[in-house]
Amino acid sequence: MNIVNVILSGGIGSRLWPLSRKSRPKQYLPIFDNKSLFELTVERNKGICDKLMVVGGIDNYQLSRDCLHSISPGDYLELVEALPRNTAAAIAFAALSLDPEDIMLVTPSDHLISNQPRYEKALRKAVELAKEGYLVTFGLLPARPETGFGYIEHRGNEVVSFREKPDLELAEEFVRSGNFLWNSGMFCFSANIYLQELKIYEPALLDAAQKALAGADNGFLPLEPSKNIPSISVDYAVMERSKKIKVVPSDFTWSDMGSFEALYEHIGEGDPRRKGSNLVLGSEKRVEFLGMENVILVETSDAILVLNKEKAQDVKKIYEQLEKENPELLH
């Protein structure tokens, strides 16, 4: 039995456009002390995991290869999806490729985490529960009433319910109650238990994933069979339906770095990119703000985005609009 860090690296970071593009998603941007989120993910998990597997997409697998080559993690396993089919299928590909008893630590590649001792303490607890046959998710103690995350209602390690991203009033109620955790999107379970539960709740997805994986060539999944795989998140497919769920309440510092507001909170006031309550990203020009607060200006060679940080979640709407009107600006 091995503990395998399964890194999901297929996201595109639509709420961080124009910095994040399909050709270079947010997890590969070297903007965290000259390191990328992908690189930081590999580094923080290698102390507790025996093996590394990367599940990525055809558009960016070379970026993860380049990163892994530069930090020399040793041997790793790689699966390259022909097209994105969401997290339930990505995790199924990994589980089908490992020994049944292997423990999978499933982590997105675009999270920023600090306080390594607390992080590893949570991981060890999750591994213990996974060895007992549970599907384990990590819940973060909420630092504020956040509307950009899903929540987990819990009693100790028991999951009472999963909740969708709330409005501000409901998020404030969740935080006041003390019974809710942020849903981190990180998981831990054995390969065989995940596949057993997937067979119960989404047998068609499992069957289609098996057929696609059977046609893989050196880790590259074939296009046509992949089209038959339902696109469902692991939360909807298994975690919110299984009777074998546990949660590890965790107090390490965590951000999904999914928005410019998250970047704003990460970049401290001493950073030259901060201009009072405002923030400048990507621009080499001198930028001054007059009579404006909580504004973020983002510049690339072909686009400028100006937003109030409270509207950071709505950048995804711009991304979706560009998909229809100017898709070239997404690459």
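Between the side chain of R15 and the main chain of V315, no donor-acceptor pair closer than 3.5 Å is present. A donor-acceptor pair under 3.5 Å is absent between the side-chain atoms of R163 and the main chain of E153, judged by distance alone. No side-chain donor-acceptor contact under 3.5 Å links K51 to the backbone of Y76. At distances below 3.5 Å, not a single donor-acceptor pair connects side-chain atoms of N5 with backbone N or O atoms of C49. Listed for the S250 side chain is a donor-acceptor partner under 3.5 Å among the backbone atoms of V248. N115 places a side-chain N or O within 3.5 Å of a backbone atom of R118 that can act as its donor or acceptor partner. Judged purely by atom type and a 3.5 angstrom limit, S226 uses its side chain to pair as donor or acceptor with the backbone of P222. Of the possible donor and acceptor atoms, one in the side chain of N278 sits under 3.5 Å from a partner among the backbone N and O of V295.
Side-chain atoms of E39 and N34, non-hydrogen and from C-beta on, never get closer than 4.5 Å to each other. When side chains are defined from C-beta on, V175 does not count as touching W182, because their heavy atoms never get closer than 4.5 Å. For the pair P18 and V298, the minimum side-chain heavy-atom distance is below 4.5 Å. Between R85 and K227 there is no side-chain heavy-atom pair separated by less than 4.5 Å. In this structure the side chain of L263 reaches within 4.5 angstrom of the side chain of L281, judged on heavy atoms. Counting heavy atoms from C-beta on, the side chains of I71 and V42 come closer than 4.5 Å. Within the 4.5 Å cutoff, side-chain heavy atoms of M239 are placed close to those of L135.
For S23 and D59, the side-chain atoms include no donor-acceptor pair closer than 3.5 Å. Side-chain contact annotation: D302 with T300, donor-acceptor N/O pair under 3.5 Å present.
Few gaps surround CD on E310; more than 12 heavy atoms of other groups in view lie less than 6.0 Å from it. Counting heavy-atom neighbours within 6.0 Å of E328 CD, excluding the residue itself, gives a total above 12. Surrounding CD of E325 are more than 12 heavy atoms belonging to other residues, nucleotides or ligands, all under 6.0 Å away.
Two rings, from F260 and W17, have their centers 6.0 Å or more apart.
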Show me the donor-acceptor pairs within less than 3.5 Å that the side chains of residues 136-144 make with the rest of the protein, sequence neighbours left out.
residue : atom : partner : partner atom : Å
T137    : OG1  : M186    : O            : 3.4
R144    : NE   : E146    : OE1          : 3.2
R144    : NH2  : E146    : OE1          : 3.1

Side-chain donor-acceptor contacts of residues 127-134 below 3.5 Å, not counting sequence neighbours, with atom names and distances?
none

Which pairs of donor and acceptor atoms, one on a side chain in residues 192-208, lie under 3.5 Å apart (sequence neighbours left out)?
residue : atom : partner : partner atom : Å
N192    : OD1  : S190    : OG           : 2.6
Y194    : OH   : A88     : O            : 2.8
E197    : OE1  : S242    : OG           : 2.5
Y201    : OH   : R241    : O            : 3.1
E202    : OE2  : R241    : NH1          : 2.8
D207    : OD2  : K211    : NZ           : 3.2

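The only member of T253, D251, N45 that meets side chain to side chain donor-acceptor pair (under 3.5 Å) when paired with Y119 is N45. For the salt bridge (charged side-chain N to carboxylate O under 4.0 Å, His left out) test with E299, the passing option among K285, R273, R286 is K285; the others fail.
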Verdict with reasoning, K125 to N157, per side-chain contact (heavy atoms from CB on, under 4.5 Å): CA-CA 10 Å; K125 177 62 177 177; N157 296 123; 3.9 Å; yes
